[in-house]
Amino acid sequence: MKKILYFLRDYKKESILAPLFKMLEATFELIIPLVMAAIIDVGIAGGDKAYVIRMCMVMVCLGIIGLACSLTAQYFAAKAAVGMATGLRHAVFAHIQSLSFSNIDKIGSSTLITRMTSDINQVQAGINLFLRLFLRSPFIVFGAMIMAFTVDVKAAVVFVVAIPLLSIVVFGVMCVSIPLYKKVQGGLDEVLTLVRENLTGVRVIRAFHKEEQEIQNFNQKNQKLNENQQYVGRISALMNPITYVIINAATLALIWVGALRVEQGYITQGEVVALVNYMSQILVELIKLANLIVSVTKAIACGKRVADILDVAPGFAESGVADVAPGFAESGVAGAAPGFAESGVADRGRRKGAGLPARDVAKVAFSNVSMAYHTSGEHAVSDISFQAFPGQTIGIIGGTGSGKSTVVNLIPRFYDVSQGAVMVDGKDVRTYDIETLRAKIGAVMQKAVLFKGTIRDNLKWGNKHASDRELMEAVHAAQAMDVIEAKENGLDEMIEQGGKNLSGGQRQRLTIARALVRRPEILILDDSASALDFATDAKLRKSLRELDYHPTVFIVSQRTSSVQSADCILVFDDGKLAGKGTHEQLLETCGVYQEIYASQFRAQAAEGKGAAVCAQ
């Protein structure tokens, strides 16, 4: 909790004033029973109505002052609690942005959402209640006991017996409840994960008619959460009845002892009433203290969960790797990609005299790279080596799950390698500052993600300082001009969350435009043209080749038509590099590529034949 309470540092004044004003209110509250005793023993016993009225006015004044103190304390407590929660949310959100994909995969998106919302709200409520009651309740409990001793020592012995018993009950329940509340929050994570998966994959669930199965899974997890909540609720519910039993038994004992002391002439009837009032105050405050304990218990459990997120170290620690990838310099291959020169891969005709950047240092180089996800003991990709030079287009093709996306995700360091090294401009990506590295890269992921706002706002994620001319150039290169022209407001057209008011192809083209706005040195298109027709896909690839800043382009696709014009094609099969070379070379030497090409060529031929029949 120290890490959580750190966020109260800017609210020290409020954190001090809130309990102090509550104690001031409690002080006036402790005086009221003595005023009541005076009214009974002096005013009523002596028939002095004026005295009774004066003392009633005193009670009213004490009540008004107490109310003012209470409202002031509530204001300071709320300000401190809300401000702390706001700062904590900002810190957790910023920390999540620094986590690697591996961290997020391990923790889970649903867990992060729960801890950003429900857990922080519980911490906020606990802090608010704590600031208001952590001094007031103990102060009134012990203050009432002390005031009882000033009235009559023997009668006050009842307080000495009752208060320790009550403390045992309260703190016993707290010790049992804390780990159980943490378990309940864990169950809430599981339910939220399942709900999120169902909302995301609702179309797939319906397509395979799995509604009943998913309902059954949800009912099982929800029932388990319900049982855990009921169990901890039953334990917490024991607090109030047990404390009531103890307090009522103490009140009976107090009236009995007080009656005897009145009969013996040691105390007056008004003082007995004062003692009963003090016992009632103790009852009320202990109920408040019980609620405080329950709330603080939840807050501590939730606070630990939030602190666990802040304790997760970002997976981007610099490793101090040398600037040359192992196995490159010593192999004697200078300025040529391993396997490229020897396979006869020469610059395509479009590169002659194109004024491309110098190619003495590879833009991207992989040296014996292997990588495993945290959930798997096996490598997703193994022993991958290749180089890509400035201005080259690298095609990456393979079956589903062959490791294509894994490889390109290593370049911007979304994941770290398990073995080997990934180099950008001759430096290991692990030695780069993350911001500097990713400023060189424009990445378009498999799932096209757009955010609620205007088209202009979404495009400026690539470069917030981009002019409208630069935005339109990127849109034109991404073959998205028809999207802009079809909208009444052009670049100022509003996009719904997730781009729901756009088609799949429109979303993909706008995300490509967003990447092009930053004029990246390295452009990664991870199956980001899958929703485009063949003609638009071809136009897109042609416009990328004609970009004046000549980025190194990685095109990940399952279509041979999308990669066959690339300078080099990497063929992946089950996490390994099955072949590399040009389209023509791979058709002669790579069985995996031949199989992919043949299957797609036959499918295209069949589609053409079918279209001809329809035309007839």
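Heavy-atom minimum distance, Ile96 versus Ile104: O-CD1, 4.3 Å. For Arg519 against Asp548, the heavy-atom pair with the smallest separation is NH2-OD1, 3.1 Å. Across all non-hydrogen atoms, the minimal contact from Ala515 to Val444 is CB-CG2, 3.6 Å. Across every non-hydrogen atom of Ser382 and Ser370, the tightest pair is CA-OG, 3.4 Å. Across all non-hydrogen atoms, the minimal contact from Gln387 to Ala362 is OE1-CB, 3.4 Å. For the residue pair Gln446 and Asp527, the shortest heavy atom distance occurs at CG-CB, 4.1 Å.
Of the possible donor and acceptor atoms, one in the side chain of Glu470 sits under 3.5 Å from a partner among the backbone N and O of Ser467. Between the Ser367 side chain and the Ala421 main chain, no donor and acceptor come within less than 3.5 Å of each other. A distance-only check finds no donor-acceptor pair linking the side chain of Arg115 to the backbone of Ile120 [under 3.5 Å]. Remark: side-chain polar atoms of Lys580 are paired, donor with acceptor, to backbone N or O of Ser385 under 3.5 angstrom. Checked by atom type and distance alone, the side chain of His95 pairs as donor or acceptor with a backbone atom of Val312 at under 3.5 Å. Judged by distance alone, the side chain of Asn501 and the main-chain N or O of Met494 form a donor-acceptor pair under 3.5 Å. Without hydrogens or angle criteria, Ser543 side chain to Ala477 main chain gives a donor-acceptor distance under 3.5 Å. Gln506 places a side-chain N or O within donor-acceptor distance of the main-chain N or O of Ser503, the cut-off being under 3.5 Å. In this structure, the side chain of His550 does not engage the main chain of Pro390 through any donor-acceptor pair within 3.5 Å.
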Checking salt bridge (charged side-chain N to carboxylate O under 4.0 Å, His left out) for the pair Lys363/Asp425: CA distance, chi angles, key distance, verdict? CA-CA 5 Å; Lys363 193 68 184 179; Asp425 289 332; 3.1 Å; yes

After noting the C-alpha distance and the side-chain angles of Val417 and Phe366, does the key distance pass the side chain to side chain contact (heavy atoms under 4.5 Å, CB included) rule? CA-CA 10 Å; Val417 299; Phe366 277 57; 6.0 Å; no

Could you walk me through whether Leu450 and Ile455 pass side chain to side chain contact (heavy atoms under 4.5 Å, CB included), step by step? CA-CA 9 Å; Leu450 294 171; Ile455 294 177; over 6 Å; no

For Asn121 and Arg89: C-alpha separation, side-chain torsions, deciding distance, then whether side chain to side chain contact (heavy atoms under 4.5 Å, CB included) applies. CA-CA 10 Å; Asn121 286 341; Arg89 276 195 195 89; 2.5 Å; yes

Is there a side chain to side chain contact (heavy atoms under 4.5 Å, CB included) between Leu188 and Ser118 once you walk through the steps? CA-CA 10 Å; Leu188 183 61; Ser118 175; 4.0 Å; yes

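The distance from the CD atom of Glu496 to the NZ atom of Lys452 is 6.0 Å, given to the nearest 0.5 Å. Rounding to the nearest 0.5 angstrom, the gap separating the OG atom in Ser418 from the OH atom in Tyr373 is 10.0 Å. Met472 contributes atom CE, which lies 6.0 Å from atom CD1 of Ile484 (distance to the nearest 0.5 angstrom). Annotation: the span from Thr582 atom OG1 to Asp567 atom CG amounts to 10.0 Å, rounded to 0.5 Å. A distance of 9.5 Å separates CZ in Arg507 from OG1 in Thr511, rounded to the nearest 0.5 Å. Atom CD1 of Ile441 is separated from atom CZ of Arg518 by 8.5 Å, given to the nearest 0.5 angstrom.
Classification of Asp468 and Arg456 as a salt-bridged pair holds, one side-chain N sitting under 4.0 Å from a carboxylate O. In this structure, Asp573 does not pair ionically with Lys576, as no charged nitrogen and carboxylate oxygen lie closer than 4.0 Å. A salt bridge does not link Lys447 with Asp526: none of the charged nitrogens is closer than 4.0 Å to a carboxylate oxygen.
Ring planes of Tyr415 and Phe101: perpendicular class, angle over 60° (limits at 30 and 60°). Under the 30°/60° scheme for interplanar angles, the aromatic rings of His583 and Tyr597 are found to stand perpendicular.
Between Val429 and Met423 there is no side-chain heavy-atom pair separated by less than 4.5 Å. Between Thr589 and Gln594, every side-chain heavy-atom pair lies at or beyond the 4.5 Å cut-off. Proximity of Cys568 to Phe386: side-chain heavy atoms (C-beta onward) are nowhere separated by under 4.5 Å. Between Leu525 and Val556 the shortest side-chain heavy-atom distance does not fall below 4.5 Å. A heavy-atom distance below 4.5 Å is not found between the side chains of Ile394 and Ile555. Using a 4.5 Å heavy-atom cutoff, the side chains of Ile113 and Arg196 are in contact. Proximity of Phe554 to Val364: side-chain heavy atoms (C-beta onward) are separated by under 4.5 Å at one or more points. Arg430 is listed as a side-chain neighbour of Asp416, based on a closest heavy-atom distance under 4.5 Å.
For Arg9, the CZ atom sits in a packed shell: over 12 heavy atoms of surrounding residues, nucleotides or ligands are nearer than 6.0 Å. Residue Gln497 places its CD atom among 12 or fewer non-hydrogen atoms of other residues, nucleotides or ligands, all under 6.0 Å distant.
Residues Thr454 and Asp492 bring no donor and acceptor atom of their side chains to less than 3.5 Å of each other. For Thr536 and Asp533, the side-chain atoms include at least one donor-acceptor pair closer than 3.5 Å. Side-chain atoms of Tyr593 and Thr560 form no donor-acceptor pair, as typed in the model, at a separation below 3.5 Å. Side-chain contact check for Ser562 and Asp537: at least one donor-acceptor pair (N or O, by modelled atom type) lies under 3.5 Å.
Figure legend: cation-pi geometry between Arg438 and Phe414 absent, as NZ or CZ is not positioned both under 6.0 Å from the six-membered ring centre and within 45° of its axis. Because its NZ or CZ atom is both nearer than 6.0 Å to the ring centre of Tyr432 and within 45° of the ring axis, Lys427 counts as a cation-pi partner of that residue.
For residues 453-473, every residue pair satisfying the ring-ring contact (aromatic ring centres under 6.0 Å, His included) rule, not counting sequence neighbours, is listed here: Phe451-Trp461. Applying the side chain to side chain donor-acceptor pair (under 3.5 Å) test to pairs two or more places apart or on separate chains, those with a residue in residues 474-488 are Asp482-Arg509.
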